Asks: 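The structure under discussion is supplied below as structure tokens; questions concerning it will follow.
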Amino acid sequence: MDLKERPNHKKYIQILRQMTPEQRLLKSFELSEFTVQLFIHGLHKRFPDLSHDEFRKILLERLKKCHNRNY
């Protein structure tokens, strides 16, 4: 059941199919890096007064929770 309209989904799939495997892989790396940067930005907004070391500790703890433990 699709609750949200996705008017551009077909176009998105077409574009992905036109990409080479290398381009798709590079795009996945780009999206992963973008996700991490958004996560870091959100943490900075949530904890603006932390020192660099305190922030890094929280960041690493949270990233560890996100890690897929099935591997």
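Below, each value reflects all heavy atoms present in this structure, side chains not excepted, and no hydrogens, waters or symmetry copies. The chain is numbered in sequence order, starting from 1. These figures come from a predicted structure and were not determined experimentally.
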Asks: So Arg62 and Phe39, side-chain contact (heavy atoms from CB on, under 4.5 Å) or not? Walk me through it.
Replies: CA-CA 10 Å; Arg62 304 257 173 127; Phe39 184 71; 3.5 Å; yes
Asks: Consider only side-chain heavy atoms of I, L, V, M, F, W and Y, link residues closer than 4.5 Å, and tell whether Leu25 and Leu16 are in one cluster.
Replies: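 Not linked; separate clusters.
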Asks: Would you mind checking if Lys64 and Glu61 are paired as a salt bridge, meaning a charged N to carboxylate O distance below 4.0 Å?
Replies: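 Salt bridge absent between Glu61 and Lys64.
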Asks: Compute whether any side-chain donor of one residue and acceptor of the other, for Gln37 and Glu33, lie under 3.5 angstrom apart.
Replies: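 Yes, Glu33 and Gln37 have a side-chain donor paired with an acceptor closer than 3.5 Å.
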Asks: Between atom CZ of Arg17 and atom CZ of Arg24, what is the distance when rounded to the nearest 0.5 Å?
Replies: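 Answer rounded to 0.5 Å: 10.0 Å.
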Asks: Can you measure from CG (Leu59) to CD (Glu54) and round to the nearest 0.5 angstrom?
Replies: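 With rounding to 0.5 Å, CG (Leu59) is 13.5 Å from CD (Glu54).
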Asks: Would you call Arg6 and Tyr12 a side-chain contact if the rule is heavy atoms closer than 4.5 Å?
Replies: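 Side-chain contact under 4.5 Å: no.
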Asks: For residues Gln23 and Lys27, determine if any side-chain heavy atom of one lies less than 4.5 Å from a side-chain heavy atom of the other.
Replies: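 Gln23 vs Lys27: side chains apart.
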Asks: To the nearest 0.5 Å, how far apart are CD1 in Ile13 and NE2 in His9?
Replies: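 Here the interatomic distance stands at 4.0 Å.
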Asks: Check the surroundings of atom CZ in Arg56: do more than 12 heavy atoms from other residues, nucleotides or ligands lie under 6.0 Å from it?
Replies: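 Check fails, neighbour count at 12 or below.
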Asks: Give the cluster check for Leu63 versus Phe47: same hydrophobic cluster or not, with ILVMFWY residues linked at side-chain heavy-atom distances below 4.5 Å.
Replies: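 Leu63 clusters together with Phe47.
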Asks: With Ile40 as reference, evaluate Leu43, Val36, Leu38 under the side-chain contact (heavy atoms from CB on, under 4.5 Å) test and give the passing residue.
Replies: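 Of the listed options, the one satisfying the test is Val36.
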